[in-house]
Amino acid sequence: METKYIFVTGGVVSSLGKGIISSSLANLLIARGYRVTIQKFDPYINIDPGTLNPYEHGECYVTVDGHEADLDLGHYERFTDIHTTRANNITTGRIYRSVIDKERRGDYLGKTVQIVPHITDEIKRAVKALGNTGDFDFIITEIGGVVGDIESLPFLEAVRQLRWELGDNSLCIHLTYVPYIAAAKELKTKPTQHSVKKLQELGIQPDILVLRTEHHIGNDMRRKIALFCNVAPDAVVQSIDVDTIYRVPLRMHEQGLDDIVLRKTHAGPHPEPDMAAWLDFLHKMDNADDTVTIGLVGKYVELQDAYKSINEALFQAATYNTHKLKLVYIHSEKLTDADAGEKLGRMDGVIIAPGFGQRGIEGKFAALRYCREHDIPTFGICLGMQCMVIEYARDVLGLPDANSTEMSPSTPHPVIDLMEEQKSISNLGGTMRLGAYDCRLTAGSRAAAAYGTTDIRERHRHRFEFNNSYREAFEQAGMACTGINPASGLVEVVEIPSLRWFIGTQYHPEYSSTVLHPHPLFMSFMRAAIAYRDERAKSEKH
């Protein structure tokens with residue numbers, strides 16, 4: 001069949017969950033047997049979120065081809081099991097850079113370069129790039145921001161043009177908010193009406209409305225919204241708050257969102273979605289009785305979106321191990337040797353989070369020292385793995401000045417350092433190792449046991465590396481380098497075999513964990529944490 005294009009826009013307020021609705025729809029269409037992908041268009045001028053502070057934008061997600069992307073792409077992958085690439089996340093900055101590069105090359109033959117048609121044509125080209133491959137039946141395109149934002153106008157103009165060009169092979173889903181006024185005990189539809197009116201002023205008529213709400217919206221109110229917004233009554237869907245985002249696909253299916261999309265795009269005969277595996281996950285989640293407590297040590301703990309993929313990977317692993325997850329955020333900047341026992345002593349397992357820079361680094365060392373000395377299951381990711389190496393060098397190898405040259409360029413013991421070929425590169429990001437790289441695990445290691453294989457491929461986002469000049473000293477002292485990049489010889493995994501579970505990965509395994517395929521390292525870590533909890537509980541009884 002011809003590729004169908006679905007555009008998802010938002011109104012009234014941001015953070016309503018366009019990414020979750022897009023992911024849920026993709027989930028349902030894939031469960032029906034369709035080939036689907038999702039892309040996000042972000043209206044900010046940054047080329048990508050790689051240089052944005054997590055407080056500004058939450059987690060920076062990394063695709064398999066090494067693109068730094070919006071965190072919504074993590075939702076896309078977790079809900080669908082698809083791999084996204086740089087083609088799935090486009091910013092205003094990338095659009096303008098492409099157009100300016102073409103202008104400098106003379107591609108426009110001396111014409112005046114304008115928003116319309118040149119910027120909008122570039123947006124349209126990016127929208128249709130995935131469809132032109134012939135690999136997909138549906139392309140879902142989420143437009144970031146809110147209708148009425150100045151920044152979003154070129155994207156919405158491109159959507160208007162595409163709706164006209166594509167005809168029945170496209171439709172628009174508009175997500176809006178229906179607030180509840182507690183004093184009046186009423187839901188209010190006026191914000192939705194205004195939001196749709198604004199979209200109509202831009203030349204876009206939504207085909208489907210998804211109403212985000214905390215309270216049930218009755219049929220009379222939905223008919224009223226349909227009447228004022230020129231939408232069929234059966235195409236007004238409510239997205240009422242649920243206890244977990246993983247129920248949203250089922251709620252959308254109950255209201256027929258996927259059926260409406262298939263009918264309006266004339267997609268032809270289609271089976272009911274096969275949701276058996278998804279329902280099994282939810283069944284495990286609902287029937288988990290015991291709780292496992294994991295401490296996450298990082299410097300962005302006030303903003304949980306900064307560690308979104310880690311949070312979700314832990315939740316998935318706990319669920320598949322039939323436990324509820326209690327995640328305790330521990331600010332590394334406020335953690336010291338003096339209070340490490342108080343803050344970490346009751347944890348069943350500890351994650352040392354990734355990040356950049358000096359702030360909060362000493363707290364991570366304190367956490368690692370306590371966890372190592374008290375044999376608590378510990379998982380260090382990226383900078384967390386590098387901190388494992390530094391703490392071990394200081395406290396076990398007897399190198400008190402050991403450090404990373406990121407934190408201390410003049411350290412006499414640079415156990416974490418830039419590779420020689422990286423040191424002459426000055427462009428920010430130019431020294432980054434981004435995307436999926438091969439790794440060979442040592443047979444018989446705990447990491448290899450977790451994966452069930454010795455050859456893996458994982459995503460990276462870092463510029464500093466384990467310094468192989470110190471590898472022999474570490475291994476003689478009891479820290480094994482059990483994962484090596486076969487092409488470069490760089491160390492990717494370290495572990496201490498004498499401890500219950502003490503593993504650091506230079507890569508980010510959380511990016512590869514999905515609802516239907518939880519990551520094997522997180523599964524292994526969670527089993528170790530549960531076993532440690534049970535062991536402590538048994539000893540406390542005696």
Side-chain angles (χ1 to χ4, degrees), residues 2-11 14 18 22 37-49 67 69-70 72-73 84-175 195-208 230 264-265:
E2 288 186 81
T3 300
K4 313 293 185 180
Y5 293 85
I6 302 168
F7 301 100
V8 180
T9 58
S14 59
K18 293 192 298 296
S22 299
T37 193
I38 322 178
Q39 56 186 186
K40 172 80 179 286
F41 282 68
D42 277 306
Y44 51 77
I45 297 176
N46 304 68
I47 298 298
D48 58 50
H67 176 66
D70 182 80
D72 271 322
L73 270 71
T84 55
T85 68
R86 65 184 61 251
N88 295 81
N89 189 204
I90 308 291
T91 66
T92 294
R94 278 181 66 191
I95 294 293
Y96 272 81
R97 184 168 70 174
S98 179
V99 169
I100 290 168
D101 286 346
K102 289 178 180 179
E103 186 273 332
R104 291 289 85 188
R105 288 197 305 265
D107 291 8
Y108 299 119
L109 303 176
K111 290 183 179 178
T112 302
V113 179
Q114 298 175 288
I115 303 293
V116 182
H118 301 101
I119 295 297
T120 51
D121 281 352
E122 189 66 20
I123 294 170
K124 287 157 62 179
R125 183 200 61 74
V127 169
K128 296 170 77 172
L130 289 167
N132 291 337
T133 65
D135 294 335
F136 303 106
D137 301 314
F138 286 92
I139 310 290
I140 300 174
T141 303
E142 177 191 346
I143 307 297
V146 177
V147 171
D149 290 348
I150 291 173
E151 295 91 341
S152 299
L153 288 175
F155 292 100
L156 293 171
E157 170 58 19
V159 170
R160 182 195 69 78
Q161 294 178 26
L162 283 167
R163 292 295 317 283
W164 181 258
E165 294 169 15
L166 295 167
D168 288 344
N169 287 326
S170 72
L171 60 78
C172 175
I173 299 173
H174 190 55
L175 176 63
S195 177
V196 172
K197 186 70 69 179
K198 190 70 177 174
L199 197 60
Q200 291 168 336
E201 288 173 2
L202 297 172
I204 301 171
Q205 170 61 49
D207 302 277
I208 301 169
N230 295 346
K264 286 183 175 292
T265 56

For [Y], is there any backbone N or O sitting under 3.5 Å from a side-chain donor or acceptor partner on [X]?
{"X": "T92", "Y": "I45", "answer": "no"}
{"X": "K18", "Y": "G145", "answer": "yes"}
{"X": "T3", "Y": "G134", "answer": "no"}
{"X": "D149", "Y": "E151", "answer": "no"}
{"X": "T91", "Y": "I47", "answer": "yes"}

Could you tell me whether the side chain of D48 reaches within less than 4.5 Å of the side chain of R94, counting heavy atoms only? no
Check whether any side-chain heavy atom of T9 lies under 4.5 Å from a side-chain heavy atom of V159, and answer yes or no. no
Can you tell me how far apart [atom1] ([X]) and [atom2] ([Y]) are? Round to the nearest 0.5 Å.
{"X": "D137", "Y": "K4", "atom1": "CG", "atom2": "NZ", "answer": "9.5 Å"}
{"X": "F7", "Y": "F155", "atom1": "CZ", "atom2": "CZ", "answer": "12.5 Å"}
{"X": "R160", "Y": "Q200", "atom1": "CZ", "atom2": "CD", "answer": "14.5 Å"}
{"X": "T84", "Y": "L130", "atom1": "OG1", "atom2": "CG", "answer": "10.0 Å"}
{"X": "I173", "Y": "T141", "atom1": "CD1", "atom2": "OG1", "answer": "11.0 Å"}
{"X": "I38", "Y": "K40", "atom1": "CD1", "atom2": "NZ", "answer": "11.0 Å"}

Go through the structure and list residues passing side-chain contact (heavy atoms from CB on, under 4.5 Å) with [X], not counting sequence neighbours.
{"X": "L153", "answer": "L202"}
{"X": "I115", "answer": "Y96, I119, P154"}
{"X": "D207", "answer": "R163, L171, C172, K264"}

State, to 0.1 Å, how close [X] and [Y] come at their nearest heavy-atom pair, and which atoms those are.
{"X": "E165", "Y": "K128", "answer": "OE1-NZ, 4.3 Å"}
{"X": "V127", "Y": "I139", "answer": "O-CG2, 4.2 Å"}
{"X": "V8", "Y": "S22", "answer": "CG2-OG, 3.5 Å"}
{"X": "Y5", "Y": "G131", "answer": "OH-CA, 3.4 Å"}
{"X": "V113", "Y": "Y108", "answer": "CG2-CD1, 3.6 Å"}
{"X": "N89", "Y": "H67", "answer": "O-NE2, 3.6 Å"}

Should we say atom NZ of K197 is surrounded by more than 12 heavy atoms from elsewhere, each under 6.0 Å from it? no
Check this for me: R104, atom CZ, are more than 12 non-hydrogen atoms of other residues, nucleotides or ligands nearer than 6.0 Å? no
Is a salt bridge present between K124 and D121, judged by a nitrogen-to-oxygen distance below 4.0 Å? yes
Determine, stepwise, if the pair E103 / H118 fulfils side chain to side chain contact (heavy atoms under 4.5 Å, CB included). CA-CA 10 Å; E103 186 273 332; H118 301 101; over 6 Å; no
Taking it one step at a time, do L156 and V147 satisfy side chain to side chain contact (heavy atoms under 4.5 Å, CB included)? CA-CA 8 Å; L156 293 171; V147 171; 4.3 Å; yes
I'd like to know if the side chain of E122 pairs up with that of S98 as donor and acceptor (distance under 3.5 Å, no hydrogens or angles considered). yes
